[in-house]
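For the numbers below, each heavy atom of this structure counts, side chains included, while hydrogens, waters and symmetry mates do not. Each chain gets a letter, A, B and so on, in the order its sequence line appears, and its residues count up from 1.
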2 protein chains.
Amino acid sequence: MTLKELSKVLGLSQTTVSRALNGYPEVSETTRSRVREAAERHAYRPNARAKGLATGRAMAIGHVIPQSIRHETVNPVFGDFIAGAGETYARSGYEMVLAFIEKDESEVYRTFKARGSVDGIVVHGPRLNDPRLRQLADIGLPFVVHGRSSGLDIPYSWLDVNNRSAFHRATRFLLDLGHRRIGLVNGLEEMDFAFRRRRGYEQALTEHGLPIDPALIAADEMTEFHGYRSARAMLALPDPPTAFLAASMICTLGVRRATDESGLVCSRDVSIVTFDDSLSYLQNGQDVPIYTATRSSVREAGRRTARMLIDRIQTPDTPHRQELLEAQLVVGLSTGPVPNRQG
Amino acid sequence: MTLKELSKVLGLSQTTVSRALNGYPEVSETTRSRVREAAERHAYRPNARAKGLATGRAMAIGHVIPQSIRHETVNPVFGDFIAGAGETYARSGYEMVLAFIEKDESEVYRTFKARGSVDGIVVHGPRLNDPRLRQLADIGLPFVVHGRSSGLDIPYSWLDVNNRSAFHRATRFLLDLGHRRIGLVNGLEEMDFAFRRRRGYEQALTEHGLPIDPALIAADEMTEFHGYRSARAMLALPDPPTAFLAASMICTLGVRRATDESGLVCSRDVSIVTFDDSLSYLQNGQDVPIYTATRSSVREAGRRTARMLIDRIQTPDTPHRQELLEAQLVVGLSTGPVPNRQG
DNA sequence: GTCGTCGTTGAAAGCGCTTTGGAAGACTGA
DNA sequence: TCAGTCTTCCAAAGCGCTTTCAACGACGAC
């Protein structure tokens with residue numbers, strides 16, 4: 001059922017039918033409802049490609065997922081993020097197109113733009129001084145970044161968790177409990193979020209007059225194994241940490257495996273604080289949090305990022321917007337005062 | 001840069017340029033290379049919508065993700081699956097469009113079909129006698145199912161892991177170690193894969209002449225908490241299990257948390273076997289598997305499912321294809337002979 | 001009665017591509 | 001020389017929609 005057929009059925013012109021369905025005012029209410037009713041009855045759906053060709057808008061938004069540097073790791077938070085974004089898109093009539101790529105990301109952007117497949121892009125996993133953002137700005141494709149890019153001086157829209165303050169708070173929390181040797185199991189520090197988290201951690205230590213020990217900082221892709229290996233290595237140090245700060249629930253599972261293996265009891269012998277993205281399949285306890293955590297829902301971030309991008313697409317000339325979400329500190333069962341080693 | 005402009009630059013007609021770029025034979029090699037070179041130089045990319053409108057093909061494939069019944073759980077394996085599928089799409093020039101939906105899935109199918117947004121669909125999470133498959137067949141949209149739907153008698157293409165045999169093997173493995181009380185921490189049994197897994201488990205028990213104890217079977221969404229709660233409940237039974245069979249790594253983490261809490265040492269006091277989807281961010285150990293597992297890469301499944309669908313779209317009249325992947329049993333550190341309770 | 005205005009509808013152009021149905025030129029063989 | 005092939009190219013229609021421009025009737029004002 002096409003517009004043409006539908007208009008023939010109704011004895012109207014395509015123009016009028018199109019106007020009636022798209023809510024233009026120059027159409028009488030009686031014909032409009034007649035048209036609406038007929039469209040409903042014949043299950044008419046405008047062809048997306050034809051509409052896109054005519055309007056110049058794709059009604060689609062692209063998410064470009066780089067195959068990560070090593071291990072072809074699919075970020076476990078990614079599923080929740082796009083689920084949130086997807087909710088917003090669905091409500092606004094947008095489709096979500098995903099591109100998994102291996103090599104040249106800017107090539108994909110250029111192609112998206114030239115082929116007109118999408119109206120805008122969500123940028124994932126920004127790095128320090130990320131070249132992609134400048135490329136996107138040059139290409140002229142609207143975009144919003146999930147995260148930020150330190151060291152980049154062009155204006156752009158972003159939504160980020162305050163990673164620095166989250167890790168600052170978490171570290172201070174451990175310091176207040178008396179911990180002085182705190183292991184940081186971080187993500188790859190070329191990633192902006194990991195860089196900021198480390199800054200928060202270091203800032204808290206410095207404020208307490210404590211030195212920064214490189215042996216207590218491990219950065220890698222946030223897998224379970226990274227958590228395990230890093231924690232185990234730190235626990236083998238002559239002066240091992242009494243607490244760990246982990247960058248994700250997945251990492252934390254590895255840290256926990258290492259501490260368990262060492263026969264340490266969590267919260268008594270060793271404290272663990274994690275960053276919790278509120279993943280739907282990996283909740284931090286039902287009522288009482290298992291782990292003390294700085295928490296921020298990545299799904300909600302997806303919802304809001306999508307909203308920002310749609311707004312940008314619809315009103316491109318408004319100034320760039322930024323949204324900084326504060327993570328919430330929830331105290332769980334994984335932390336306790338520093339153990340008395342001499343005791 | 002449009003076809004029109006490019007053809008003007010070259011002093012050729014749109015027809016010839018189009019043919020040259022799309023590899024039609026009626027064009028001399030000299031003009032073809034001239035055209036190719038110019039297209040490259042001007043970074044010409046055909047407009048996807050216009051092309052789609054003219055050809056009737058969208059060069060896009062839809063993945064419809066139902067917001068799960070409860071907890072709005074995003075299946076953690078989903079990310080790896082679509083990453084695999086995405087690889088295949090990228091190589092074949094297809095785009096991937098995702099739809100997250102809350103309510104009527106068949107409505108989305110109909111809309112996809114009517115609007116022509118996609119050429120085919122991958123169906124996720126099939127249930128027993130799933131009505132969606134019949135709907136899709138009626139609508140006439142090519143599709144391939146990741147999984148199967150027991151009790152459905154129409155022909156369709158699918159790719160599935162042999163869940164029954166995987167759990168049959170895993171159960172038998174535990175039985176061979178002397179375990180007689182084996183807890184099954186399953187997914188929701190309205191899901192076809194969970195149903196089949198249970199069948200494999202029960203079949204192995206029955207073959208050994210053992211009864212099936214409903215108290216040792218728990219089915220729910222495959223979260224960490226499900227694993228924890230179910231295992232804890234089973235361990236509190238008068239005659240607790242000496243082994244667990246868990247439906248995913250995520251569940252297993254919960255099971256492990258419960259056994260740890262009970263002071264049980266894994267593989268000595270209690271054995272755990274899991275189903276391992278080879279998730280990139282949650283690997284089952286680096287060299288030696290931590291958990292004994294039946295393993296099958298969901299990413300590889302994504303790659304192959306995508307391939308099947310593309311083939312189906314390109315040659316719709318071929319008979320339906322089915323692909324049954326056998327999971328591999330890997331023996332890890334989480335299993336051992338049944339403990340001697342009296343000892 | 002005429003004119004301008006308002007409210008409502010339509011014809012047709014155009015979005016950027018593919019593809020049908022020729023057509024021009026080059027080349028054969030008689 | 002000419003009819004009959006190929007080879008190589010093109011004009012134009014068409015995909016299904018939006019949107020510009022124009023038209024038409026009704027109406028009130030003069």
*Do B:Ile61 and B:Met96 pass the side-chain contact (heavy atoms from CB on, under 4.5 Å) test, and can you show the C-alpha distance, the side-chain angles, and the key distance before you say yes or no?*
CA-CA 5 Å; B:Ile61 285 170; B:Met96 168 162 54; 5.9 Å; no
Just distance, no hydrogens or angles: give the donor-acceptor pairs under 3.5 Å from side chains in residues 307-316 of chain A, sequence neighbours left out.
unit_1, atom_1, unit_2, atom_2, d
A:Arg307, NH1, A:Ser92, OG, 3.3
A:Arg307, NH2, A:Asp311, OD1, 3.3
A:Asp311, OD2, A:Arg321, NH1, 3.2
A:Arg312, NH1, A:Thr318, O, 3.4
A:Arg312, NH2, A:Pro316, O, 3.3
A:Thr315, OG1, A:Asp311, O, 2.9

*Quantified as the angle between the terminal helix axes (five pairs each), what is the overall bend of the helix from C:dG1-D:dC30 to C:dA30-D:dT1 to 10 degrees?*
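Roughly 60°, once rounded to the nearest ten degrees.
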*Span of DNA chain D, from the first to the last nucleotide whose atoms fall under 4.0 Å of chain A heavy atoms*: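 The contact span of chain A on DNA chain D goes from D:dG16 to D:dC21.
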*Which ring pair (Phe, Tyr, Trp, His ring centres under 6.0 Å) pairs, counting each pair once, include a residue from residues 87-113 of chain B, with sequence neighbours left out?*
B:His63-B:Tyr89
*Within residues 7-60 of chain A or reaching into it, pairs that qualify as ring pair (Phe, Tyr, Trp, His ring centres under 6.0 Å) - sequence neighbours excluded*: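 For residues 7-60 of chain A: none.
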N/O donor to acceptor pairs below 3.5 angstrom from side-chain atoms of residues 139-147 of chain A, sequence neighbours left out:
none

*Under 3.5 Å, is there a donor-acceptor pair between the side chain of B:Asp277 and the main chain of B:Leu279?*
no
*Go through the steps for B:Arg304 and B:Leu325 under the test side-chain contact (heavy atoms from CB on, under 4.5 Å), then give the verdict.*
CA-CA 10 Å; B:Arg304 297 169 88 135; B:Leu325 309 176; 4.0 Å; yes
Enumerate donor-acceptor pairs with a distance under 3.5 Å from any side-chain N or O in residues 5-12 of chain A to protein atoms, sequence neighbours excluded.
unit_1, atom_1, unit_2, atom_2, d
A:Glu5, OE1, A:Thr2, N, 3.4
A:Ser7, OG, A:Leu3, O, 3.1
A:Ser7, OG, A:Lys4, O, 2.7

*Go through the structure and list residues passing side chain to side chain donor-acceptor pair (under 3.5 Å) with A:His320, not counting sequence neighbours.*
A:Ser157
*Taking the nucleotide of DNA chain C with the closest heavy atom to each, which residue, B:Thr2 or A:Gly11, is nearer the 5' end?*
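Going by which nucleotide is closer to the 5' end, it is A:Gly11.
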_Expected output is a numbered-order residue list: members of residues 24-35 of chain B with a heavy atom under 4.0 Å from any atom of DNA chain D. What is it?_
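Contacting residues: B:Glu26, B:Val27, B:Ser28, B:Thr31.
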*In residues 41-59 of chain B, which ones come under 4.0 Å of DNA chain D, going by heavy atoms?*
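The answer is B:Leu53, B:Ala54.
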*Would you mind listing every salt bridge (charged side-chain N to carboxylate O under 4.0 Å, His left out) that reaches into residues 137-159 of chain B, with sequence neighbours excluded?*
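Listed by first then second residue: B:Arg134-B:Asp153, B:Arg148-B:Asp160.
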_When you compare the side chains of B:Thr15 and B:Ser18, does any donor N or O come within less than 3.5 Å of an acceptor on the partner?_
no
*Any side-chain donor-acceptor pair under 3.5 Å between B:Ser280 and B:Asp80?*
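A pair is found: one side chain offers a donor N or O, the other an acceptor, under 3.5 Å apart.
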_CZ (B:Arg45) with more than 12 external heavy atoms under 6.0 Å_ = yes
Using atom names, set out every protein N or O paired with an N or O of nucleotides 11-13 of chain C below 3.5 Å, distance rounded to 0.1 Å.
unit_1, atom_1, unit_2, atom_2, d
C:dA11, N7, A:Thr15, OG1, 3.4
C:dA11, N6, A:Thr15, OG1, 2.7
C:dA12, N6, A:Thr15, OG1, 3.4

_Set out, in order, the CA-CA distance, both residues' side-chain angles and the distance that settles side-chain contact (heavy atoms from CB on, under 4.5 Å) for A:Val64 and A:His124, then state yes or no._
CA-CA 7 Å; A:Val64 181; A:His124 292 273; over 6 Å; no
*After noting the C-alpha distance and the side-chain angles of A:Ser278 and A:Arg299, does the key distance pass the side-chain contact (heavy atoms from CB on, under 4.5 Å) rule?*
CA-CA 8 Å; A:Ser278 305; A:Arg299 193 183 188 109; over 6 Å; no
